[in-house]
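Letters A, B, ... are given to chains in the order of the sequence lines, protein chains preceding strands, and every chain is numbered from 1.
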Amino acid sequence: MHTYRTHNCGELRDTNVGDEVRLSGWVHRVRDHGGLLFIDLRDHYGLTQCVIEPDAEMFAAAEEVRAEWVIKVEGRVEARSDETINTDLDTGRVEVRMSGLEVLSEAQELPLPVFGEPEYPEDIRLKYRFLDLRRDTLHRNIVMRSKIITFLRERMVAQGFTEYQTPILTASSPEGARDFLVPSRMHPGKFYALPQAPQQFKQLIMMAGFDRYFQIAPCFRDEDARADRSPGEFYQLDIEMSFVTQDDVFGAVEPVMRDLFEQFSDGKPVTKDFPHIPYAEAMRKYGSDKPDLRNPIEMEDVTGHFRGSGFKVFAGQIEKDERVEVWAIPAKTGGSRAFCDRMNSWAQGEGQPGLGYIFFRDGRQGAGPIAKNIGEARTEAIREQLGLDDGDAVFFVCGLPAKFAEFAGAARTRAGEELGLVDHDRFEFCWIVDFPMYEWNEDEKRVDFSHNPFSMPQGGMEALENMDPLEIKGWQYDIVCNGIELSSGAIRNHKPEIMVKAFEIAGYGPEVVEEKFGGMLRAMQYGAPPHGGIAPGVDRMVMLLCGEPNIREVTMFPMNQQAEDLLLGAPSNVSAAQLRDLHIRLNLPKKG
RNA sequence: GGGGGUGUAGCUCAGUUGGUUAGAGCGCUGGCCUGUCACGCCAGAGGCCGCGGGUUCGAGUCCCGUCACUCCCGCCA
């Protein structure tokens, strides 16, 4: 018989009745009836009820055990009587009649109970993560994460991709997030950086002639945390392919995502064919480049109905600036003054002057101040355009779309959520395509890359030379699920002269490109294949599939919001000798 | 760097207009209990009310500061 166990704690069934078995695990729960004592023994696999009676030799020892002690139990598997079967347990038809018990390891009084699922303070959970991880939901989330990653690897390999590893110690990149730096011992005053993503490496892999790369890639960015963003590190399903168009990338990635979500979504429906939504259309309809398509509300331009109308607040703005538009946010079933006023005061809380509205009642009559001001005919035209009826409402935002789109999108989200129009039990995917290559940086009054500077502009060199930079679109795309951006990707620029020109438009001279991206530029000069890729965020996929709003619920050993590891104590002080080796002298901020 | 929330027993929380000895559940200790599976019953221990200062005859409660955790903004090509 094995030293510790013949079976695991989730294994025993009717067919084992009569077997002499040995189980090891944690004491999940003890129920001491005096004349009869139950121990629920738990391990990774499940829970088995063990029972002992006072005449048994080990009874005194059994009365001593406490929650989370590690014990070894021996005994005979017995069938439970009909009235004592527990259908909630896989092992609930049997129990182990204890004849032997050995304590393998005792536990102090717990700072954090393993039994039950109430919420506990994050700092205690993180300090005692090993206990937290024993708890059922978190334990299952972590296992789910592993299964998801295994699925991704298997599918990628099956589709002809190969996993290659890229360096962890690399060069600091001039664009993007703040880098984590690692001081060089051999080169005083110089630093490595941890990769924000293997972006340049995966393109070099394509240029080196390896086709179809993927990697479950660790990425490091020294940015502040959010609920859905760990401080410091996260994982991407990093993908790159040679000789491909945008549609080839979609064709490779979309089935993997759809099948992944169908397999792990617990029966929730998943989008069959991901719609392709141009960036401009997404902004106009949803006020966001990561729209939640579970929300049925689509915004519409209703500027014409307000031009020259009696609602002077809007009409005046339209008069003054031809770029001013009015967008309507139709809200089915939102047609009550109480709801409209609630939306209005929410908008004021967001720093807006308010949120104008019309709601319809009594035979499609428009109600509210705006309806009064613009009159029946215009009100009816708006109602007609949006297909609204009694009991519905519509909200309006007016101004320059670039300025109000984000707020309009937030109002759309809020109306959809408050009115219960959003179906939470589904996964709605889409591709957002045709992102602008550049955007206007208002602070610095100049043109900036809006996405990835390595992307191929649509129209290539000709577009860069002849078009208004702000009109140029890139072969850049995002994959979005339920309002969450899972990934950005692009068809890359593989021509050195286009790269130089693209950077020139953003204000970087050829010497800057040479200095910062010399390696990439050289690679392009020696035969670079057209290539492209994408990098869906693994953590966010796992969050969606586990239904967890917080990334720490799907991460085994997360840091807290202040980027500290409370279990192992990182970051930590280092010795003077270590600093000397690295040629570093501390220059600490003054206290207070 | 900025804004919001929270902080009372090992843990989750309650605590009235400022007023005697700060409570409950879980856990812990002891006792009882032969079919529980959130077992039940009885008793007990356990508190710098985050920390510092102030107002007051009197502060868990009001004010100021500070610390910790968290959510958000900035940031995240």
Side-chain angles (χ1 to χ4, degrees), chain A residues 28-42 47-56 59 63-64 66-68 78 80-89 91-92 95 97 107-128 131-132 173-179 196-197 199-200 219-234 349-351 406 435 437-439 441 443 448-455 474 476 485 488-490 502-503 506 508 516-517 535 537 549-550 552 560-562 564 566 589 591-592:
Chain A
H28 191 63
R29 197 88 174 140
V30 179
R31 291 176 296 282
D32 186 352
H33 291 236
L36 183 71
L37 185 147
F38 299 98
I39 295 173
D40 289 339
L41 196 64
R42 185 198 72 237
L47 202 68
T48 299
Q49 175 167 283
C50 305
V51 61
I52 190 167
E53 292 179 7
D55 50 349
F59 188 80
E63 282 192 303
E64 293 295 311
R66 291 291 176 265
E68 298 309 308
E78 295 186 351
R80 297 203 202 181
S81 65
D82 286 348
E83 47 309 346
T84 61
I85 286 173
N86 184 347
T87 51
D88 294 337
L89 287 180
T91 60
E95 62 194 0
R97 178 80 43 176
Q108 298 178 7
E109 187 177 346
L110 302 170
L112 175 80
V114 173
F115 176 79
E117 289 283 339
E119 294 189 20
Y120 289 93
E122 289 273 351
D123 43 348
I124 291 175
R125 292 182 56 195
L126 293 176
K127 183 172 178 185
Y128 298 96
L131 289 178
D132 199 21
S173 63
E175 296 258 332
R178 197 179 293 118
D179 283 317
Q196 295 185 20
Q199 180 64 36
Q200 292 191 65
C219 304
F220 306 90
R221 296 176 190 175
D222 185 4
E223 297 296 337
D224 290 345
R226 289 289 183 275
D228 62 351
R229 199 169 81 198
S230 288
E233 53 192 72
F234 59 97
E350 296 287 297
E406 190 184 347
F435 276 86
M437 190 78 186
Y438 299 99
E439 64 190 7
N441 183 330
D443 293 340
D448 240 345
F449 286 111
S450 69
H451 241 61
N452 184 323
F454 303 122
S455 300
Q476 301 183 146
E485 180 196 318
S488 285
F503 274 84
Y508 302 99
K516 299 298 184 188
F517 304 107
N550 192 303
R552 290 184 294 273
N560 69 7
Q561 197 179 38
Q562 280 69 243
E564 298 165 304
L566 297 178
K591 280 181 190 164

Can you list the residues that meet the salt bridge (Lys or Arg N to Asp or Glu O under 4.0 Å) rule with [X], with sequence neighbours excluded?
{"X": "A:E122", "value": "A:R552"}
{"X": "A:D222", "value": "none"}
{"X": "A:D132", "value": "A:R125, A:R129, A:R135"}
{"X": "A:E53", "value": "A:R97"}

Does A:R66 get its side chain close enough to the base of B:G27, under 3.5 Å, for a donor-acceptor pair?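 Side chain to base: no pair present.
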
Does A:D224 offer a backbone N or O that forms a donor-acceptor pair with the side chain of A:R229 under 3.5 Å?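 The answer is yes, because a donor-acceptor pair under 3.5 Å joins these two groups.
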
Please identify each residue that fulfils ring pair (Phe, Tyr, Trp, His ring centres under 6.0 Å) with [X], with sequence neighbours left out.
{"X": "A:F454", "value": "A:F517"}
{"X": "A:F234", "value": "none"}
{"X": "A:F435", "value": "A:Y279, A:H451"}

Separation of A:R226 atom CZ from B:G74 atom C1', in whole Å?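 In whole Å, B:G74 C1' and A:R226 CZ are 7 Å from each other.
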
Output the rounded distance in Å from CD (A:E564) to P (B:C69).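 For the pair A:E564 CD and B:C69 P, the rounded distance is 5 Å.
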
Applying the Watson-Crick and G-U criteria (both distances under 3.5 angstrom) with [ ] for crossing and | for other-strand pairs, one obtains for RNA chain B (((((((..((((.....[...)))).(((((.......))))).....(((((..]....))))))))))))....

Could you encode protein contacts along nucleotides 31-38 of chain B as a string, one character per nucleotide from 5' to 3', using B for base contact, S for sugar-phosphate-only contact and - for no contact, with a heavy-atom cut-off of under 4.0 Å? --BBBBBS

